[in-house]
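Notes for the one structure printed next.
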Amino acid sequence: MAANNRRMSGKKGAQVGSGGQRRKGLEGKGPTPPAEMRKGHKKNRVASAKARQTARRPAPRGRGGKSTSELVVGRNPVFEALRDGVPASTLYVQQFIDNDERVREALQLAAERGGINLMEAPRPELDRMTNGLNHQGLVLQVPPYEYAHPQDLADAALDDGEDPLIVALDGVTDPRNLGAVVRSVSAFRGHGVVVPERRAAGMTAGAWKTSAGAAARTPVARATNLTRALEAYKKAGIVVVGLAADGEVEIGELEALGGPVVIVVGSEGKGLSRLVGETCDHRVRIPMPGGAESLNAGVAAGIVLYEAARRRA
C-alpha cells in the first residue's frame with residue numbers, strides 16, 4: 001500500500017495558471033539594437049570608452065567661421081531635433097535606459113538619417129556632459145556651424161547673374177527669430193543672412209528647427225563688426241535699407257528694393273542701433289493700420305522680402 005501511495009504521489013494534479021505572464025514573455029521586444037548598444041559586444045566597449053573620453057574633453061572654442069558644438073538633451077527635444085533635420089554628429093544613449101517608444105523612435109531616426117554615431121554611456125558621464133541637466137538618457141551632439149563671410153553672400157549672387165538680396169540682423173538675440181528669417185530669405189530667393197559675432201543669435205539647434213530645413217540651403221554669415229560689413233556692401237554698390245518704425249519712406253515707395261539691397265532688421269524692442277542706423281542709405285517703415293508698435297523680426301523681414309521679390313519678378 002505504501003508503494004502504491006508512492007506511485008500515486010507522482011501524478012500531476014490541478015495546476016495554478018500563469019495569469020498570462022508566459023504569453024507576455026513571448027511578445028516581441030522590437031528590433032535588435034545596434035552593436036554599439038549591446039552590452040558585452042566589442043563595439044559597445046569601444047563606444048563606451050569613446051564616450052568617456054569625449055565627456056572629459058573640454059568643448060572646443062569657436063575660431064574664425066565656426067561656432068562651438070551644442071548639446072540637445074532630453075527625450076522629446078532629441079527626437080524633435082532628429083525629426084526636423086537638425087545636423088547631428090553623435091547620439092549618446094544612457095546604459096540600461098528604459099527602452100520606451102520615444103527612445104526607440106529617436107534611435108530609428110538616427111539610423112535612418114545615417115552619419116550619426118551611436119554611443120552608449122553611463123549616466124554619470126552624461127551628467128557631466130550636460131552639467132547636471134535632466135537629459136533623460138538621451139543627448140544629441142550638434143556639430144559646429146560653419147558661417148560664411150559676408151562678402152561670400154554678395155559674390156554668390158553676382159556669380160549667378162543676380163542682384164544680391166541679403167538680410168542683416170542687428171541685435172536679434174532669439175534663435176527662433178533667426179531661424180524664421182532664414183526661412184523667409186529662402187522662400188523669397190534671397191542670398192543669405194548676416195549676423196553680428198557678439199550679442200546676437202547664432203545658428204543653434206533652435207534656429208535650425210525654426211528654419212524648417214531652409215538653413216541647409218541658405219547661408220548665414222557672421223560679421224565681426226556689422227557696421228563695417230554694411231559699409232563694405234555699400235562700397236560694392238549694394239544699397240543698405242534699414243527697417244525703422246519712424247522711417248522716412250514706406251516700403252512700397254522705395255524703388256531701391258528692386259535692385260541689389262541689404263535689408264537690416266533690428267530687435268523688436270530697441271530697433272536699429274545708432275551706428276547701424278546712421279550707416280543705412282534709407283530708413284523705411286512698414287505701414288501698420290492696426291496700430292501695432294512693432295513687428296517680430298521674422299515677420300518684418302518676410303514683409304520686406306516679399307516686396308523686394310515682387311519688384312524683381
Side-chain angles (χ1 to χ4, degrees), residues 62 65-70 72 77 80-88 140 142-157 160 162-224 226 229-230 233 238 240-243 251 257 260-268 272 276 286 294-310 312:
K66 284 189 177 182
S67 63
T68 56
S69 60
E70 180 187 2
V72 178
E80 291 168 2
L82 289 168
R83 180 196 61 193
D84 296 338
V86 175
L140 186 69
V142 178
Y145 181 81
E146 294 191 15
Y147 291 95
H149 187 278
Q151 189 58 42
D152 295 340
L153 309 185
D155 290 345
D160 292 337
E162 300 176 352
D163 287 332
L165 176 57
I166 299 167
V167 173
L169 301 182
D170 178 26
V172 174
T173 57
D174 189 340
R176 292 170 297 183
N177 274 337
L178 172 56
V181 170
V182 169
R183 187 175 184 179
S184 294
V185 169
S186 176
F188 294 110
R189 298 190 63 179
H191 298 102
V193 180
V194 180
V195 297
E197 186 174 339
R198 300 180 184 85
R199 294 185 294 277
M203 283 305 299
T204 63
W208 270 95
K209 286 177 61 177
T210 310
S211 77
R217 55 185 181 271
T218 303
V220 176
R222 189 165 60 179
T224 304
L226 183 59
L230 296 176
Y233 280 140
I238 304 174
V240 177
V241 176
L243 289 183
I251 59 169
L257 288 176
V261 64
V262 176
I263 302 164
V264 189
V265 182
S267 65
E268 186 175 346
L272 300 175
V276 167
I286 297 173
S294 62
L295 293 172
N296 173 279
V299 174
I303 292 172
V304 185
L305 284 165
Y306 167 77
E307 178 63 22
R310 185 186 69 83
R312 292 161 181 251

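Hydrogens, waters and symmetry mates play no part in the numbers below; they use all other heavy atoms, side chains included. In this text the structure is predicted, and so the values were computed from the model without any measurement.
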(message) Less than 4.0 angstrom from a charged side-chain N to a carboxylate O is my criterion; do Arg312 and Glu162 meet it?
(response) no
(message) So, taking the atom named CG in Asp155 and the one named NE2 in His191, what distance separates them when rounded to the nearest 0.5 Å?
(response) 11.5 Å
(message) Here's a test for you: under side-chain contact (heavy atoms from CB on, under 4.5 Å), which of Val167, Asp170, Ile166, Val304 qualifies with Val264?
(response) Asp170
(request) For the pair Val172 and Val195, evaluate side chain to side chain contact (heavy atoms under 4.5 Å, CB included) and give the outcome as yes or no after the intermediate values. (result) CA-CA 8 Å; Val172 174; Val195 297; over 6 Å; no
(request) Decide yes or no for Leu178 and Val193: does some side-chain heavy atom of the first lie under 4.5 Å from some side-chain heavy atom of the second? (result) yes
(request) Hey, could you give me the OH/CD1 distance between Tyr306 and Ile303, rounded to the nearest 0.5 Å? (result) 11.5 Å
(request) Heavy atoms only: give me the nearest Ala214-Arg183 pair and the separation to one decimal. (result) CB-CA, 3.8 Å
(request) Using a 4.5 Å cut-off on heavy atoms from C-beta on, say whether the side chain of Asp152 contacts that of Pro219. (result) no
(request) Please name the pair of heavy atoms, one in Ala223 and one in Val194, separated by the smallest distance, quoted to 0.1 Å. (result) CB-CG1, 4.0 Å
(request) Taking Glu307 for its side chain and Leu257 for its backbone only, find out whether a donor-acceptor pair lies under 3.5 Å. (result) no
(message) For a side chain to side chain contact (heavy atoms under 4.5 Å, CB included) check, start with the C-alpha distance between Val86 and Lys209, then their side-chain angles and the critical distance, and finish with the verdict.
(response) CA-CA 6 Å; Val86 175; Lys209 286 177 61 177; 3.5 Å; yes
(request) Find out whether Arg189 and Leu165 are in side-chain contact, i.e. whether some heavy atom of one side chain is under 4.5 Å from a heavy atom of the other. (result) no
(request) Drop me the distance from Arg198's CZ to Thr224's OG1, to the nearest 0.5 angstrom. (result) 7.0 Å
(message) Assess the residue pair Ser186 and Arg217 against the criterion (side-chain hydrogen bond (donor to acceptor under 3.5 Å, both in side chains)); give the C-alpha distance rounded to whole Å, side-chain angles, the decisive distance to 0.1 Å, and a yes or no.
(response) CA-CA 8 Å; Ser186 176; Arg217 55 185 181 271; 3.1 Å; yes
(request) Go through the steps for Val181 and Val265 under the test side chain to side chain contact (heavy atoms under 4.5 Å, CB included), then give the verdict. (result) CA-CA 10 Å; Val181 170; Val265 182; over 6 Å; no
(request) Report yes if some heavy atom in the side chain of Pro143 is under 4.5 Å from a heavy atom in the side chain of Pro87; otherwise report no. (result) yes
(request) Decide yes or no on side chain to side chain contact (heavy atoms under 4.5 Å, CB included) for Tyr145 and Val220, but give the supporting numbers first. (result) CA-CA 9 Å; Tyr145 181 81; Val220 176; 3.5 Å; yes
(request) Determine whether more than 12 heavy atoms belonging to other residues, nucleotides or ligands lie under 6.0 Å from atom CZ of Arg83. (result) yes
